[in-house]
Amino acid sequence: MVVTLRYFGYNQDHILKRRGSMKLKINGKSRWLFPLTLVFVYAVIYLPYLTRLGIYWDDWQVVFLNLINNPAEYWNYFMADRPFSIWTYLITVPLFGVTPLPWQLFTLGTKILAAWFFAETLALLWPARRWEGRLAALLLLVFPGFTQTTISIAYSQHFITQALFFASLWLMLKAFEKTPVKIWMVILACVFALLQMLTMEYFAASELIRPVLLFLFFWNRDGQPLKLTMRKTLARWLPFILPLILFAAWRFGYYPRLSVENSPTLLSSVLTNPASTITQFFQFALQDTFSTAFSVWADAFKPASLDFRTIVQVLLSITGTAVVAFWFWKISLDGIENPHENRRFLLQSILIGLLLLILGGLPVWSTNRQALIGLWSDRFTLAPMAGSALLLMAVSAWLTQSRPRLLVLLSFFVAMAMYSHMLTAQKYAENWEIQRNYYWQLKWRAPQLKTNTAVIAPKLPTSYISDYAVGFALNAMYAKEPVTKKAQYWFFIGPRAQGNYFTAYAPGLPVEYTLRDVRYSGTTDEMLGVSFAAGRECLRVLDPFYALAPTRLSEDLGGIERDLLPVSNTSLILPNAGETLLRSDVFGFEPEHDWCYYYEKADLARQLKDWTRIPELAAQAEAKGLRSKTGAEYMPFIEGYAQTGLADQALQTSLTANTLNYGLTPALCAMWRRYEKMEASTGLPAKASEFFDQVNCPQLP
């Protein structure tokens, strides 16, 4: 047999090597299996939701800028804070457009890449502890304190920055791994370092970790005397000081002449009020560091969320963690741990973890902000989260003193973190569905709006979005070419806008709004009032027709609905606009026509006095078995029946509607008082008597 194999170019040694390599693959030792493990973890978390995730918060600003079709406008728009960050969009937007799915895949892939570079950096620092380094990288990937991964377009810049930072660290250590030094790696590492700082300053202070990593790298590898190791560290670190100098010259020298956004106010505050500033700084640092290092992991354990409604997520997170834990257990069987080396490794990893935590928070605390305060502030954990992951792994290893016990302990953290991310992804998926309902219902009700229209509402249509984001979305819905920074449409929240952008809810007043270099200028005559109660009722254009109907929101917001009526100009909705649809690449395909579709179209027909259209819509809804949960949504159908002589249908629909809505009676009674005065031939006066016999109408004032 051996002779035969030798004839074909094989020998016995080669056969043994091949068997050995096959064994390595079976045991999970191949390097490519770890990145696949990271992909598997994210697939378990996000695959059920990928096609249901959409566009959120600052994603919409890129959608709007893409409408302008001029790359130079990106620079002008981001001049207020991070002008160099536009390079990411200049590369990615032409590739992905503004369709949500490619962006979700890209950002998840970028986060996986960052975690892989983090693991490879730790492997160069502690070659004998690759297993623990990979565990830390897995913890980085599922870090539960950052909940905005699905805001994919806006945060793509953040994740690119994170990947560049860890790639730069890996290139730095890899360049000095062997002699001669790989100069091209040093140059590329410096370029990545400068690029990530100019893109976003989140990892600027984290660059100071480099001399510590270099020192431990040479100390662990060469075992040379302390002074010699320090001199070698300094010599190797010198090239990486240049990116820091260039960034500092830009950020603290030239850039303040252009903008005061995100200014590091710490130094000036120390000079004017040293005691309180230093106290506040250390308070922010202590709170954020403790929260990022420990609290976020404990907060992932939320017993209240463990119910039967989320049983699928629980099972997926447990199953996914079990598969990953099995692979880690297989590769942990090899290698003998030296107690002395183990202590040194744990001390060094705790040191690096603490430094990454503190350095990662410095850019945030220097602007008098912190990760614990603010709706979107957990983005400030982006830089410190690697320190949190490494510290959790090291402290857990110190407490367990055993790889199997360490794996069991960290498996709980990984499983709960995965579960937490699944719940977050589900919330974002549900939120996108609410957004889509809002935009599609508005499009059904107002197929086209006059240019320069501002939509005004008592509140935001949903969470995970801002008022200016809805303004950008309206331009994606309605704007005509050419699109410029003078917005053709905008969105206002009434309570926030009144007093800031216009003086009162009254006609004929100027309205001015500026966001960076985007401007909207109009009058209160160019406003369309809209109310939306997600999940309870359809979108309603505020119209005097509904003046006596009960408000749809809380009492305070309901009062604002009534306040907005004088500035809600329904004539801004263009007649004969046709059935144009929204862009499918942004808003997805048109939803199935549910009750809200027929209500919006009936209300539009009522406004346009297209009376024959309303009974047709009612018949189509009836054929599908569609009903409303609120009586006020039957009002345009009642009006349509009345105007087309269908008195019986008008009466029966009115009586049904009156049973659905508390407080709808005054509006229905006002309608039937009008019908009572119509010609007898319509049959309405007779039916009005029946209505008044069955409904106790309030007396007229």
Side-chain angles (χ1 to χ4, degrees), residues 114 117-127 129 133 136 140 161-198 201-252 285 289 344-363 365-366 383-391 394:
F117 275 122
F118 180 56
E120 292 300 301
T121 300
L122 298 181
L124 290 172
L125 200 59
W126 302 297
R129 312 309 291 256
L140 170 64
T161 300
Q162 186 184 47
L164 286 172
F165 174 71
F166 289 120
S168 179
L169 294 183
W170 175 77
L171 283 166
M172 176 186 71
L173 298 183
K174 193 70 175 177
F176 303 131
E177 185 181 26
K178 296 178 181 178
T179 304
V181 173
K182 295 181 179 178
I183 301 299
W184 70 269
M185 284 190 172
V186 174
I187 295 173
L188 192 57
C190 289
V191 171
F192 282 4
L194 180 61
L195 189 58
Q196 65 91 2
M197 287 187 287
L198 291 177
E201 64 279 1
Y202 282 65
F203 290 88
S206 300
E207 285 288 320
L208 297 176
I209 198 73
R210 289 184 186 274
V212 181
L213 295 181
L214 286 169
F215 176 83
L216 294 179
F217 176 73
F218 294 128
W219 180 262
N220 294 337
R221 188 190 66 174
D222 302 333
Q224 294 177 330
L226 179 62
K227 289 185 179 180
L228 184 60
T229 303
M230 292 183 68
R231 285 199 297 268
K232 191 173 185 179
T233 297
L234 181 59
R236 297 296 189 266
W237 181 49
L238 283 176
F240 298 95
I241 298 177
L242 180 61
L244 280 171
I245 294 174
L246 293 175
F247 171 74
W250 157 256
R251 192 64 181 82
F252 305 110
T289 300
R344 183 171 66 174
F345 161 71
L346 292 178
L347 287 174
Q348 291 181 4
S349 55
I350 289 173
L351 171 66
I352 296 299
L354 286 172
L355 285 175
L356 285 172
L357 274 168
I358 295 169
L359 293 173
L362 280 178
W365 307 325
S366 68
M385 66 172 64
S388 173
L390 184 57
L391 190 62

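Values in this document were obtained by computation on a predicted structure and should not be read as measured data. Index from 1, following the sequence.
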>> I want to check something: taking the side chain as every heavy atom from C-beta on, are F165 and M197 in contact at a cut-off of under 4.5 Å?
In response: no
> To the nearest 0.5 Å, what is the distance between CZ (R210) and CG (L169)?
Replying inline: 5.0 Å
> Taking only residues two or more places apart in sequence, or in another chain, which ones meet F192 in a ring-ring contact (aromatic ring centres under 6.0 Å, His included)?
Replying inline: none
> So among I352, L359, I358, which one has a side-chain contact (heavy atoms from CB on, under 4.5 Å) with L356?
Replying inline: I352
Distance-only check: which donor-acceptor pairs under 3.5 Å involve side-chain atoms of residues 172-187, not counting sequence neighbours?
residue: K174; atom: NZ; partner: E177; partner atom: OE1; Å: 3.0

>> If we ignore hydrogens and angles and just use 3.5 Å, is the side chain of S168 paired with the main-chain N or O of L164 as donor and acceptor?
In response: no
> Roughly how far, to the nearest 0.5 Å, is CD1 of I209 from CG of L355?
Replying inline: 4.5 Å
> Among L390, L391, L125, whose side-chain contact (heavy atoms from CB on, under 4.5 Å) with S349 holds?
Replying inline: L390
>> Minimum heavy-atom separation for A394 and I350, please, with both atom names.
In response: CB-CG1, 3.6 Å
> Of all heavy-atom pairs between L362 and A205, which one has the smallest distance, and what is that distance?
Replying inline: CB-CB, 3.9 Å
>> On a heavy-atom basis, which atom in A386 and which in F166 lie closest, and how many Å separate them?
In response: CB-CZ, 3.4 Å
>> Could you measure the distance from the CH2 atom of W250 to the CG atom of L246? Nearest 0.5 Å is fine.
In response: 12.5 Å
> Is there side-chain contact between L234 and P211, with heavy atoms separated by less than 4.5 Å?
Replying inline: no
> Rounded to the nearest 0.5 Å, what separation is found between the CH2 atom of W219 and the CG atom of L226?
Replying inline: 5.0 Å
>> Run the side-chain hydrogen bond (donor to acceptor under 3.5 Å, both in side chains) test against Q162 and tell me which residues pass, sequence neighbours left out.
In response: none
> Taking all non-hydrogen atoms of both residues, which atom of C190 and which atom of P243 are closest, and how far apart?
Replying inline: O-CG, 3.6 Å
>> For A136 versus A389, what's the shortest heavy-atom pair and its separation?
In response: O-CB, 3.3 Å
> For the atom pair CG (L228) and CG (D222), what is the distance rounded to the nearest 0.5 Å?
Replying inline: 8.5 Å
> Say you draw a straight line from CG of L351 to CG of L216; how long is it, rounded to the nearest 0.5 Å?
Replying inline: 6.5 Å
> Taking all atoms of both residues into account, what is the closest heavy-atom pair of F240 and A189, and its distance?
Replying inline: CE2-CB, 3.6 Å
